[in-house]
Q: 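Sharing a structure here in structure tokens format.
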Amino acid sequence: MSKGRAEAAAGAPRILLRYLQEQNRPYSAQDVFGNLQREHGLGKAAVVKALEQLAQQGKIKEKMYGKQKIYFADQDQFDTVSDADLQSLDAKIVALTAKVQSLQQSCRHMEAERDPGVEEGVCQLHRETEEHQSSHQPCDSRRERTSIQREAEVLQGVEKAEENGRQQTCMMQSLKATPRARSNSLKKLG
């Protein structure tokens, strides 16, 4: 066994206990091994040994399902949640779900309204603007100067609209990143 693996195996019980407590769901030894192998370099034998050691010490629970053992954090260590707290969380989930649906609908409307020719026009304006800037030639006429100013204003307006769309997309993605427990609660409600 390499020195790195030996050190990882020595710290395996601490790593596995923290992992099972954070995840707070049942895992087989194979699942734990697969989930932590890359991050911590634990071998399967070290994982199995550490899980059995933690179960014997009473730090985690183990159950047999057929021929397979399942390991999970001892639920007595977690605070109980009152019905009022659960109802409050459920109400927040419902409100956030409604907000997500509203934002998704708004984005669908914005995407439907987007004209495919707009992007091509924006690209053309970018090219023309770069050409004018790279030439460093002063504008010969008032008409050319006005035309360039209009193009720049249109370009700025399009860029602002695109930025607003990106901000809404970011907001939707952050709202979608709710914990699995909330989505499970939503399934129960639905």
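Numbering of residues begins at 1 and proceeds along the displayed sequence. In this text, all values refer to a predicted model and were calculated from it rather than measured experimentally.
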Q: What pair of heavy atoms forms the shortest contact from Ala12 to Ala50, and how long is it?
A: CB-CB, 3.8 Å
Q: List for me each residue that meets side chain to side chain contact (heavy atoms under 4.5 Å, CB included) alongside Lys49, sequence neighbours excluded, and say none if there are none.
A: none
Q: Atom CG in Asn35, atom OH in Tyr19: separation rounded to 0.5 Å?
A: 3.5 Å
Q: In the single-linkage hydrophobic clustering (I, L, V, M, F, W, Y; side-chain heavy atoms under 4.5 Å), do Phe33 and Leu36 co-cluster?
A: yes
Q: Nearest heavy-atom pair of Ile70 and Pro26: which atoms, and what distance?
A: CG2-CB, 3.3 Å
Q: Side chains of Lys69 and Glu52: does their closest heavy-atom pair fall under 4.5 Å?
A: yes
Q: CG/Leu103 to CZ/Arg108 distance, rounded to the nearest 0.5 angstrom?
A: 10.5 Å
Q: If I compare all heavy atoms of Lys63 with all of Tyr65, which pair ends up nearest, and what's the gap?
A: CD-OH, 3.7 Å
Q: Taking Thr97 for its side chain and Ile93 for its backbone only, find out whether a donor-acceptor pair lies under 3.5 Å.
A: yes
Q: Return the minimal non-hydrogen interatomic distance between Ala73 and Leu20, and the atom names on each side.
A: CB-O, 3.7 Å
Q: Calculate, to the nearest 0.5 Å, the distance between atoms CD and CG belonging to Gln23 and Asp31 respectively.
A: 11.5 Å
Q: Determine, using the 4.5 Å side-chain heavy-atom cutoff (strictly less than), whether Leu54 and Phe72 are members of one ILVMFWY cluster.
A: no
Q: If hydrophobic clusters are built from ILVMFWY residues whose side chains come within less than 4.5 Å, do Ile60 and Ile15 share one?
A: yes
Q: If we ignore hydrogens and angles and just use 3.5 Å, is the side chain of Glu39 paired with the main-chain N or O of Gln37 as donor and acceptor?
A: no
Q: With rounding to the nearest 0.5 Å, note down the distance linking CG in Leu96 to CG in Leu89.
A: 10.5 Å
Q: What residues form a side chain to side chain donor-acceptor pair (under 3.5 Å) with Gln21, not counting sequence neighbours?
A: Gln77
Q: How many angstroms lie between NZ in Lys59 and CG in Leu51, if you round to the nearest 0.5 Å?
A: 13.0 Å
Q: Roughly how far apart are Lys99 NZ and Lys92 NZ, rounded to 0.5 Å?
A: 13.5 Å
